[in-house]
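Here is the structure we will look at, set down as structure tokens.
Reminder, nothing fancy here: chain letters follow the sequence lines and each chain counts from 1.
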Amino acid sequence: MLVSEVMLQQTPVTRVLPIWQEWMDRWPTPAALAAEPAGEAVRAWGRLGYPRRALRLYAAAAAITADHDGVVPDSFDGLLTLPGVGTYTAAAVAAFAYGRRATVVDTNIRRVQARVISGSALPAPTLSAAEMRLAAALLPEEGAQSAKWNAAVMELGALVCTARAPKCGNCPIRSECAWLAAGQPAPSYVAKGQPWAGTDRQVRGAVMGVLRATRMPIQRELFFAPVPELGDDGLDGTTFSESLRSQLRRLHSLMAPESQLERAIEGLLQDGLAQSREGGLLLPD
DNA sequence: TAGACGTGGCC
DNA sequence: TGGCCAAGTCT
């Protein structure tokens, strides 16, 4: 449950499923994961996105092994101490893994509340204390019932009360929806999208792609070298796998300025997603 | 508290 | 084609 909830942060379930399955097959327990180098977690994360989550999940596994006898904490507060576990994930694990009464508030629940109760098309850009209070007030008293409630409201938001084209005609509570009653008024604000092409994030992603493709340190020159420099073998005579070559081509195709590449690499080192060794760059131990 | 942080499917 | 969006967390 913990692994799935972290993977599901900002990530659609269809993309999580296969990675989660591989992950659980390989590391059935926190101790099993903690016994390996952190880089293995990052590599197994694949292209799920936000790879720092892999690092934090790894750190959480280490903390659980060292401080909790290898058992995932069952309380909201205990879960909250784990790296990469915020209020949503702590509540979700407490509720769904342990049947505890916990106030789960994710983007789906926020949207359902905004529509049904507040009558607005979308929740505010940032989570407010008022929303948390509302969710807490709506939550059934009994533990198992509250867990079911959390799952139900989240699922309603994910499948019916969706952001883009809500299926109000099929909604089981359409007669109680303030937003529908008000004639589905338009959102009061416009979400600002995240730029991607040309950003540091894109470059970081491409660098990570290179590092995941090999266990050898990648010399810095290779990140900066223009595509034609990539021959059949490396500057030092080492041979490149087809996957590594492919990732290097992907990075080079971005034609990122050297300063941006430097910045991206520096950021990855800073975040612990990469380390320097033998004059090259590779995933962390 | 606003901004950084990946990725790919959908319309 | 391109913006929108997905079960957030951390600083």
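- Using a 4.0 Å heavy-atom distance criterion, A:R47 is classed as a sugar-phosphate-only contact.
- Looking at A:R101, its side chain does come within 3.5 Å of a backbone N or O of A:P140 through a donor-acceptor pair.
- For the pair A:R220 and A:E262, the salt-bridge criterion is met [side-chain N within less than 4.0 Å of a carboxylate O].
- Note on A:A163: only backbone sugar-phosphate atoms sit closer than 4.0 angstrom, heavy atoms only; bases stay farther off.
- Contacts of A:P125 with the nucleic acid, taken as non-hydrogen atoms under 4.0 Å apart, are absent.
- Across the protein-nucleic acid pair, A:Q202 atom CD and C:dG2 atom P stand 14 Å apart, rounded to whole Å.
- For the pair A:R110 CZ and C:dA6 P, the interatomic distance rounds to 11 Å; values are reported in whole Å.
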Grab the N/O contacts between the protein and nucleotides 7-11 of chain C below 3.5 Å, and write none if there aren't any.
from   : atom 1 : to     : atom 2 : distance (Å)
C:dA7  : OP1    : A:N108 : OD1    : 2.6
C:dA7  : OP1    : A:N108 : ND2    : 2.5
C:dA7  : OP2    : A:N108 : OD1    : 3.3
C:dA7  : O5'    : A:N108 : ND2    : 2.7
C:dA7  : O4'    : A:D106 : OD2    : 2.9
C:dG8  : OP2    : A:Q10  : N      : 3.0
C:dG8  : OP2    : A:Q10  : NE2    : 3.1
C:dG8  : N7     : A:Q10  : NE2    : 3.4
C:dT9  : OP1    : A:G86  : N      : 2.8
C:dT9  : OP1    : A:G86  : O      : 3.4
C:dT9  : OP1    : A:T89  : N      : 3.0
C:dT9  : OP1    : A:T89  : OG1    : 2.7
C:dT9  : OP2    : A:Y88  : N      : 3.2
C:dC10 : OP1    : A:G84  : N      : 2.8

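- Taking atom C1' in both C:dA7 and B:dA2, the straight-line distance is 23 Å, to the nearest Å.
- Closest approach to the A:D200 side chain among B:dC5, C:dA6, B:dG6 is made by B:dC5 (side chain taken as heavy atoms from C-beta onward).
- A:L55 places its CG atom 11 Å from the P atom of B:dG6, with the value rounded to the nearest Å.
- A:Y58 places a side-chain N or O within donor-acceptor distance of the main-chain N or O of A:E36, the cut-off being under 3.5 Å.
- A:R164 comes within 4.0 angstrom of a base, heavy atoms only.
- Whole-Å rounding puts the A:L159 CG to C:dA6 P distance at 13 Å.
- Heavy-atom contacts from other residues, nucleotides or ligands closer than 6.0 Å to CD of A:Q270 number 12 or fewer.
- The interatomic distance linking A:R204 (CZ) with B:dG3 (C1') rounds to 13 Å, in whole Å.
- Within 4.0 Å (heavy atoms only), A:T14 reaches no atom of the nucleic acid at all.
- One interatomic measurement links the two molecules: CZ of A:R201 to P of B:dG8, which rounds to 14 Å at whole-angstrom precision.
- Nucleotides C:dC10 and B:dT1 place their C1' atoms 12 Å apart, quoted to the nearest Å.
- Of all heavy-atom pairs between A:A54 and A:A41, the closest is CB-O, 3.8 Å.
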Going by atom type alone, with no hydrogens or angles, which donor-acceptor pairs under 3.5 Å involve a side-chain atom of residues 168-182 of chain A and a protein atom two or more places apart or on another chain?
from   : atom 1 : to     : atom 2 : distance (Å)
A:R174 : NH1    : A:C171 : O      : 2.7
A:W179 : NE1    : A:P185 : O      : 2.9

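- Counting non-hydrogen atoms under 4.0 angstrom, A:L48 reaches a base of the nucleic acid.
- Annotation: side chain to side chain donor-acceptor pair (under 3.5 Å) contacts of A:R52 (sequence neighbours excluded): A:D271.
- Taking 4.0 Å as the cut-off between side-chain N and carboxylate O, A:R43 and A:E40 count as a salt-bridged pair.
- Nucleotide C:dC5 holds its C1' atom 15 Å from the CH2 atom of A:W196, rounded to whole Å.
- Each of A:G205 and A:T126 has a nearest nucleotide on DNA chain B; the 5'-most of these lies closest to A:T126.
- Atom CD in A:Q260 sits about 13 Å away from atom P in B:dA4, given to the nearest Å.
- Here the separation of C:dT9 from B:dG8, taken at their P atoms, is 22 Å to the nearest Å.
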